[in-house]
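Scroll down for the structure; my scribbles are underneath it.
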Protein chains: 2
Amino acid sequence: MRQKKKSDLLTEVELEFMTELWDLGEGTVRDVLDKLPEDRNLAYTSAATILRILEQKEFVTSRKDGKRHVFKPTLGKDAYQTRSLKDLSMKLFDDTPASLVARLVNDDALTEEALGQIRALVDRRLKNDSG
Amino acid sequence: MRQKKKSDLLTEVELEFMTELWDLGEGTVRDVLDKLPEDRNLAYTSAATILRILEQKEFVTSRKDGKRHVFKPTLGKDAYQTRSLKDLSMKLFDDTPASLVARLVNDDALTEEALGQIRALVDRRLKNDSG
DNA sequence: GAGTAAATACGAAAACTTTCGTTTCACAAA
DNA sequence: TTTGTGAAACGAAAGTTTTCGTATTTACTC
């Protein structure tokens, strides 16, 4: 029996909307629409449709507040970050996170400061694991 | 004058094909098709279309070898990895690579070995920069 | 040159994503 | 209760990606 193929990843526009919701915590169609860049020029009904789809896909839930719907992510941004990294690592880095980081730290555009932060993060994690 | 909006990122299927080409170095439609998973069941003409599109988008070039075309990436896998990471970092990590790594090293699924490798990479880069 | 097996060229169907218009609904103000 | 305003519901148009069919071309064989 074949599954319907749910990629469990957000599309471009879905991610755009989730980003605003993660930032807001929760919000109405109007809230999200107002938060988009000036030049985005998306119709109200389009925004409503995106949120409806996100609800169908269970990335958000909604409750009613008076006559409007308030939408709220069911999936945290951090969880989605992890999911995206896993996907990228699988598709492009042989499922080897270290090689992903290798590519990142070999990027000349990366500042020394960022490198220092990264090392601190790794050290902290290694310390916690052993301690 | 508005640009047509070329995202310079590969679509799902395009990436699937580029991955095989990166692995092969170069190859014909048949070569790539044969390299796909058993259960992929893609028509020959579909594969040919994807490669044609990749050529239009200038991700590959082709030369003729007898009656067939041999396709070859114009963009290295490492360059595309860098590009993808930059995109993900921008869209989901506030354009802060360190926070991307933070999410990665906080993933419980990451092995201690991988962590060690990551630290070694960072150390090497820091050492080279200062030396 | 005619036959044929395999590849290319091209257009378009199918599937999915993004956008929007129209209708319906809910609430509030007169 | 009617009317106006803004939201929701829904379907579908528009845009993009993925898949494939048909026609044509190419190189090889006889």
Side-chain angles (χ1 to χ4, degrees), chain A residues 2-21 24 26-72 87 91, chain B residues 2-21 24 26-72 87 91:
Chain A
R2 192 100 176 71
Q3 266 303 107
K4 198 55 149 313
K5 184 231 185 167
K6 43 183 326 200
S7 131
D8 79 319
L9 285 182
L10 297 163
T11 67
E12 186 96 3
V13 177
E14 284 166 4
L15 175 56
E16 184 187 12
F17 275 56
M18 287 300 284
T19 297
E20 306 303 353
L21 279 181
L24 287 167
E26 59 175 32
T28 64
V29 174
R30 182 63 62 193
D31 293 335
V32 174
L33 194 53
D34 287 348
K35 212 161 167 302
L36 297 178
E38 189 67 43
D39 61 335
R40 182 65 168 82
N41 285 121
L42 191 66
Y44 177 94
T45 54
S46 305
T49 300
I50 298 293
L51 287 168
R52 171 160 52 93
I53 290 170
L54 283 169
E55 186 164 25
Q56 277 169 16
K57 295 189 179 176
E58 298 184 16
F59 285 111
V60 307
T61 48
S62 73
R63 60 183 171 78
K64 265 192 128 174
D65 174 35
K67 70 171 165 180
R68 33 190 175 17
H69 286 176
V70 179
F71 297 90
K72 183 175 180 170
D87 177 73
K91 285 190 182 143
Chain B
R2 194 97 174 73
Q3 265 304 107
K4 198 55 150 311
K5 185 231 181 166
K6 43 181 330 197
S7 131
D8 80 323
L9 285 182
L10 298 163
T11 67
E12 185 96 3
V13 177
E14 285 167 3
L15 175 57
E16 183 186 14
F17 274 57
M18 288 299 285
T19 297
E20 306 301 353
L21 280 181
L24 287 167
E26 59 174 32
T28 64
V29 174
R30 183 63 62 194
D31 292 336
V32 174
L33 194 54
D34 287 349
K35 212 161 166 304
L36 297 177
E38 189 66 44
D39 60 336
R40 182 63 168 80
N41 285 120
L42 191 65
Y44 178 94
T45 53
S46 304
T49 300
I50 298 294
L51 288 168
R52 171 161 53 91
I53 290 170
L54 283 169
E55 187 164 22
Q56 279 168 15
K57 295 190 181 177
E58 298 183 19
F59 285 112
V60 307
T61 47
S62 74
R63 59 183 171 78
K64 265 192 125 173
D65 174 33
K67 72 171 165 180
R68 28 191 176 19
H69 287 175
V70 179
F71 297 90
K72 183 176 178 168
D87 177 73
K91 286 190 182 142

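What you see below is based on every heavy atom in this structure, not just the backbone, and it leaves out hydrogens, waters and symmetry mates. Proteins get letters first, then strands, A, B, ... in listed order; numbering begins at 1 in each.
- Residue-to-nucleotide contacts include no donor-acceptor pair under 3.5 Å from the side chain of A:K67 to the base of D:dA7.
- Rounded to a whole Å, the CD1 atom of A:I50 is 15 Å from the P atom of D:dA9.
- In this structure, A:D31 CG and A:L36 CG are separated by 11.0 Å, a value rounded to the nearest 0.5 Å.
- Within the 4.0 Å cut-off from OP1 or OP2 of C:dC16, not a single side-chain nitrogen or oxygen of A:T11 is found.
- The 5' end of DNA chain C is approached more closely, in terms of each residue's nearest nucleotide, by B:T28 than by the other of B:T28 and A:A47.
- Rounding to the nearest 0.5 Å gives a distance of 3.5 Å between CD of B:E12 and NZ of A:K91.
- Of the two residues near DNA chain D, B:K57 and B:A43, the one whose nearest nucleotide lies more 5' is B:K57.
- Here D:dA7 is the nucleotide among C:dA9, D:dA7, D:dT19 with the atom lying nearest to any side-chain atom of A:Y44.
- When distances are taken from the side chain of A:V13 to each of C:dT8, D:dT18, C:dT19, the shortest belongs to C:dT19.
- Between A:L51 and A:L21, the shortest heavy-atom contact is CD2-CD1, 3.9 Å.
- If you measure from atom CZ of A:R40 to atom P of C:dT18, you get 9 Å, rounded to the nearest angstrom.
- With A:S62 as the partner, the side-chain contact (heavy atoms from CB on, under 4.5 Å) test is satisfied by one option alone out of A:E55, A:R52, A:E26: A:E55.
- Nearest to the side chain of B:S46, among C:dT18, D:dG11, D:dT19, sits D:dT19.
- Put simply, CG on B:N41 is 15 Å from C1' on D:dT18, counting in whole angstrom units.
- Using a 4.5 Å cut-off on side-chain heavy atoms (C-beta onward), A:F17 and A:L42 make contact.
- Across C:dG11, D:dG21, C:dT17, the shortest atom-to-atom separation from the side chain of B:T45 is found for D:dG21.
- In this structure, CG of A:L42 is placed 17 Å from P of D:dA14, rounded to the nearest angstrom.
- Across D:dA7, D:dC20, C:dT19, the shortest atom-to-atom separation from the side chain of A:R30 is found for D:dA7.
- In this structure, the CD atom of A:E12 is 15 Å from the C1' atom of C:dT19, given to the nearest Å.
- The CZ-C1' distance, from B:F71 to C:dA9, rounds to 11 Å in whole Å.
- At D:dT26, none of the side-chain N or O atoms of B:R68 fall inside 4.0 Å of OP1 or OP2 (strictly under the cut-off).
- The separation between B:Q56 atom CD and D:dT16 atom P is 14 Å, rounded to whole Å.
- When rounded to the nearest whole Å, the span between CG of B:L51 and P of C:dA7 equals 13 Å.
- Side-chain nitrogen and oxygen atoms of A:R52 include none within less than 4.0 Å of the OP1 or OP2 phosphate oxygen of C:dC20.
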